[in-house]
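Naming: A, B, ... by sequence-line order, numbering from 1 per chain. Since the model is a prediction, treat every value here as computed from it, not as a measurement.
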Amino acid sequence: MASPMRIRAAAKDGVTEVRVLMSHVMETGQRKDSSGAVIPAHFITELTAKHNDRLVLAAEFGPSVSTNPYLAFKFAGGAKGDKLVVSWVDNKGDSRSDEVQIA
Amino acid sequence: MRRQLLFTALGAAIALTSPLAGAAGDELNFDAYREMLADGNPAELLEMEGEELWRTARGPKNATLEQCDLGRGPGVVEGAAAQLPRYFADTDKVQDLESRLMHCMEAQQGIPSAEIINGQFLKGERGKLAALVAYVVTHSKGKPIAIDLSHPRVKEMYDMGERAFRYRTGAMDFACSSCHSQDGKRIRATQLPNITKPEGAAEGWSSWPAYRVSNSQFWTMQHRLWDCFRQQRTAEPVFASDVTIALSVFMAGKGNGAEARWPGVKR
């Protein structure tokens with residue numbers, strides 16, 4: 001089970017700014033451990049953000065994204081109290097979905 | 001939307017290189033980079049983990065840490081870190097945040113301190129302790145550092161810390177002061193605070209614990225000090241031992257009054 005994300009979303013003048021901090025190792029599959037064995041790739045592949053039930057962002061992530069990724073984006077619409085759901089899936093099939101109310 | 005993401009990433013990459021490119025000679029400055037990183041400081045993830053640990057019943061005694069007294073009363077986290085290290089009557093010791101949390105974990109949860117002292121950084125109970133540190137220090141962000149140097153035991157530790165700071169040892173005959181007693185010095189691109197001055201001491205004390213972006217690790221002050229000893233090529237200190245606490249009292253006490261910026265974010 002993956003650790004929770006920290007999501008902050010604030011609406012101002014009809015635009016919502018979302019900042020997401022994800023907890024993930026984001027292993028590239030290119031690194032070796034101290035005994036020389038390759039550390040298997042383990043990274044987020046897809047991320048979506050939904051405002052209520054409307055898809056506002058769909059992104060494809062890859063091994064070049066850092067450990068514990070940080071993502072900030074803005075979308076038109078959204079009001080205080082609305083629901084925002086951010087979800088990701090990684091290459092091992094693990095997933096995480098967190099929800100916040102827009103502030 | 002993918003294009004927009006790519007564009008943002010490109011913008012970030014350009015912004016990251018510009019402080020370097022624009023810097024002349026000894027003016028290597030990572031402040032702009034640090035400022036950008038601070039917005040999404042992954043130490044927040046540790047803080048969340050620490051908060052959970054604080055409230056979770058664990059250990060042989062199956063208890064939470066909610067009765068842990070960090071110096072401002074049982075369970076009070078707000079502003080506690082800014083006043084540490086301090087003298088605690090119940091243990092008859094001057095303790096920093098790590099040693100105090102370790103005491104609470106043993107006294108309240110029954111988690112033996114030896115497990116943490118003999119453990120490794122970032123692993124096991126010592127790793128959990130670091131998450132708790134992240135949680136506690138975040139609740140002192142913006143507070144002034146206030147070490148009570150009027151207490152004779154704290155003052156004693158301060159003086160011991162100053163001696164340890166100036167004590168030359170190890171294969172290279174280095175003291176902390178070899179690198180930290182002049183203005184404007186750096187190792188590679190890392191600026192070294194002058195800890196003999198209040199501003200420098202405050203700079204050092206208030207910017208750790210911190211998340212290091214280059215290795216994705218969260219380091220507590222105990223971890224930072226341990227690494228200073230290692231870089232000095234001398235015997236590595238025992239976790240939460242008196243010398244580490246004395247150095248902390250010296251640094252924190254000299255930096256008294258400055259604003260804590262915890263948790264920090266480092267290159």
Inset, instruction - Name, in order of residue number, those residues of residues 6-33 of chain A that have a heavy atom at a distance of less than 4.5 Å from a heavy atom in chain B; otherwise write 'none'. - result: A:R6, A:R8, A:R19, A:L21, A:M22, A:S23

Inset, instruction - Would you kindly say whether B:Y211 and A:N68 are connected by a side-chain donor-acceptor distance under 3.5 Å? - result: yes

Inset, instruction - Search all heavy atoms of A:P4 against all heavy atoms of B:L45 and return the closest pair with its distance. - result: O-CD2, 3.9 Å

Legend entry - Greater than 12 external heavy atoms within 6.0 Å of B:E52's CD: no

Inset, instruction - Assess whether atom NZ of A:K92 is packed by more than 12 heavy atoms of other residues, nucleotides or ligands within 6.0 Å. - result: yes

Legend entry - Atom NZ of B:K143: over 12 foreign heavy atoms under 6.0 Å: yes

Legend entry - Neighbour count above 12 (heavy atom, 6.0 Å) for B:N215 CG: yes

Legend entry - Segment of B:Q217 engaging chain A (4.5 angstrom heavy-atom cut-off): neither

